[in-house]
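Remarks on the structure that follows.
Below, each value reflects all heavy atoms present in this structure, side chains not excepted, and no hydrogens, waters or symmetry copies.
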Amino acid sequence: MENTQHSGRQQAATERRRRELLEAADRIVLRDGPGASMNAIAAEAGITKPILYRHFGDKGGLYRALAVRHTDALLDGLRAALDSPVPRRDRVEATLDTYLAAIEARPQVYRFLMHPADEENPAETGFDVGRHSAPLLRRLGEELAKVIGERLDLGPAGEEMARVWGHGIVGMMHAAGDWWLRERPCSREQLVRHLTELLWGRLAVAADRADGPGF
């Protein structure tokens, strides 16, 4: 019994320390974006780089932990927007706006998760951000597909269509949001309206699933 309690306390302490290290990493990413280095993160946390490696393995491990942290928060926001008690078109707009507002509020975090450092500020050798960001986008696509499939009656091929829509919508949000964040050709509100117009056709006429929470 005593060993179990000790093990539980040790695990809780490890999780708390890991959370503190991720918060330190967040602060450096907010400052440095894709150029955030393990040295800078270790210094911010008040530890040596070997200790940081002990918790995360390498920069890829730290990246994955930060990606899960931010993707979880984003998915919570997207689900809340999709389930808000307003007409379906308003929910589509709110969902798009939630994604765009998130990348607009923390552009350095977005760039760290989605883009390698610029040439004049190269990323650490051996770290390929693109290789790590693809699973993040796939996870968003699968989660959105699940939400669509639970809510809309898309007929006999509904599961397949929901997955196509989920990944397609995430791809659209990512590509359009990336371009918009760099060039700012219009306001966020205008971009949301334009993207909603693009999506609205089949979404407007699809019936809610009889056994689902509605959309």
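With salt bridges taken as basic N to acidic carboxylate O contacts below 4.0 Å, one links R79 and D76. Taking a cutoff of 4.0 Å between a charged side-chain nitrogen and a carboxylate oxygen, R89 and E197 qualify as a salt bridge. Of the charged side-chain nitrogens involved, none lies within less than 4.0 Å of a carboxylate oxygen, so that E93 and R193 do not count as a salt-bridged pair. A salt bridge links D72 with R139: at least one charged nitrogen is closer than 4.0 Å to a carboxylate oxygen. Comment: R188 engages D97 in a salt bridge, judged by a side-chain N to carboxylate O separation of less than 4.0 angstrom. The existence of a salt bridge linking E20 and R17 is confirmed by a sub-4.0 Å separation between a basic side-chain nitrogen and an acidic carboxylate oxygen. The residues D83 and R91 are annotated as not salt-bridged, no charged nitrogen and carboxylate oxygen being separated by less than 4.0 angstrom. Ion pairing between a basic and an acidic side chain is recognised when a charged N comes within 4.0 Å of a carboxylate O; D32 and R111 show no such pairing.
Looking at Q190 and S187, their side chains do bring a donor and an acceptor atom within 3.5 Å of each other.
Residue L21 comes nearest to A45 through the heavy atom pair CD2-CB, 3.5 Å, listed as atom of the first residue, atom of the second, then distance. The nearest pair of heavy atoms linking M38 to K49 is CB-CD, 3.6 Å. Considering all non-hydrogen atoms of both residues, I148 and G166 come closest at CD1-N, 4.1 Å. Among all heavy-atom pairs drawn from A176 and L191, the shortest one is O-CD2, 4.4 Å. When all heavy atoms are compared, the tightest approach of L100 to G177 is CD2-CA, 3.7 Å. Residues A206 and L154 come closest through the heavy atom pair CB-CD2, 4.1 Å.
From L75, atom CG reaches atom OG1 of T98 across 11.5 Å, with rounding to the nearest 0.5 Å. Once rounded to the nearest 0.5 Å, the distance linking CG of L62 with CG of L22 reads 6.5 Å. Q108 contributes atom CD, which lies 11.5 Å from atom CD1 of I28 (distance to the nearest 0.5 angstrom). A distance of 6.0 Å separates CG in L199 from CG in L96, rounded to the nearest 0.5 Å. Rounded to the nearest 0.5 Å, atoms CD1 (I41) and NZ (K59) are 6.5 Å apart. Within the model, atoms CZ of R69 and CG of L74 stand 14.0 Å from one another, a figure rounded to the nearest 0.5 Å.
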Report task. Go through the steps for D58 and Y63 under the test side chain to side chain donor-acceptor pair (under 3.5 Å), then give the verdict. Result -> CA-CA 9 Å; D58 56 11; Y63 172 94; over 6 Å; no

Report task. Go through the steps for M114 and L137 under the test side chain to side chain contact (heavy atoms under 4.5 Å, CB included), then give the verdict. Result -> CA-CA 9 Å; M114 293 298 179; L137 290 172; 3.6 Å; yes

Requested in this report: Test D208 against R151 for side chain to side chain contact (heavy atoms under 4.5 Å, CB included), laying out the working first.
Outcome: CA-CA 6 Å; D208 286 338; R151 285 158 176 76; 5.5 Å; no

**Report entry** Verdict with supporting geometry, K146 and R163, side chain to side chain contact (heavy atoms under 4.5 Å, CB included)
**Finding:** CA-CA 8 Å; K146 191 184 304 180; R163 293 190 74 197; over 6 Å; no

**Report entry** Stepwise side chain to side chain contact (heavy atoms under 4.5 Å, CB included) test for L152 and R88
**Finding:** CA-CA 11 Å; L152 293 180; R88 184 184 294 179; 3.5 Å; yes

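Between I103 and Y99, some side-chain heavy-atom pair lies under the 4.5 Å cut-off. At least one side-chain heavy atom of F56 sits less than 4.5 Å from a side-chain heavy atom of R18. Looking at R64 and L136, their side chains never come closer than 4.5 Å, going by heavy atoms from C-beta outward. Residues W165 and L144 fail the side-chain proximity criterion, which asks for heavy atoms closer than 4.5 Å. By the 4.5 Å heavy-atom criterion applied to side chains, V29 and R106 are not counted as neighbours. Two residues are said to be in side-chain contact when any heavy atoms from C-beta on lie closer than 4.5 Å; H55 and I47 fail this criterion.
Linking Ile, Leu, Val, Met, Phe, Trp and Tyr residues whenever their side-chain heavy atoms come within less than 4.5 Å places L198 and L82 in a single cluster. At a threshold of 4.5 Å between side-chain heavy atoms, the hydrophobic network of Ile, Leu, Val, Met, Phe, Trp and Tyr places V192 and V86 in two separate groups. Transitive grouping of hydrophobic side chains (ILVMFWY, heavy atoms separated by less than 4.5 Å) brings Y110 and L30 into a common cluster.
In this structure, E159 places its CD atom where only 12 or fewer heavy-atom neighbours from other residues, nucleotides or ligands lie under 6.0 Å away. In the displayed structure, E160 atom CD is contacted under 6.0 Å by at most 12 heavy atoms of other residues, nucleotides or ligands.
A donor-acceptor pair under 3.5 Å is absent between the side-chain atoms of T71 and the main chain of V68, judged by distance alone.
By the 6.0 Å and 45° rule, R184 stacks over the aromatic ring of W180.
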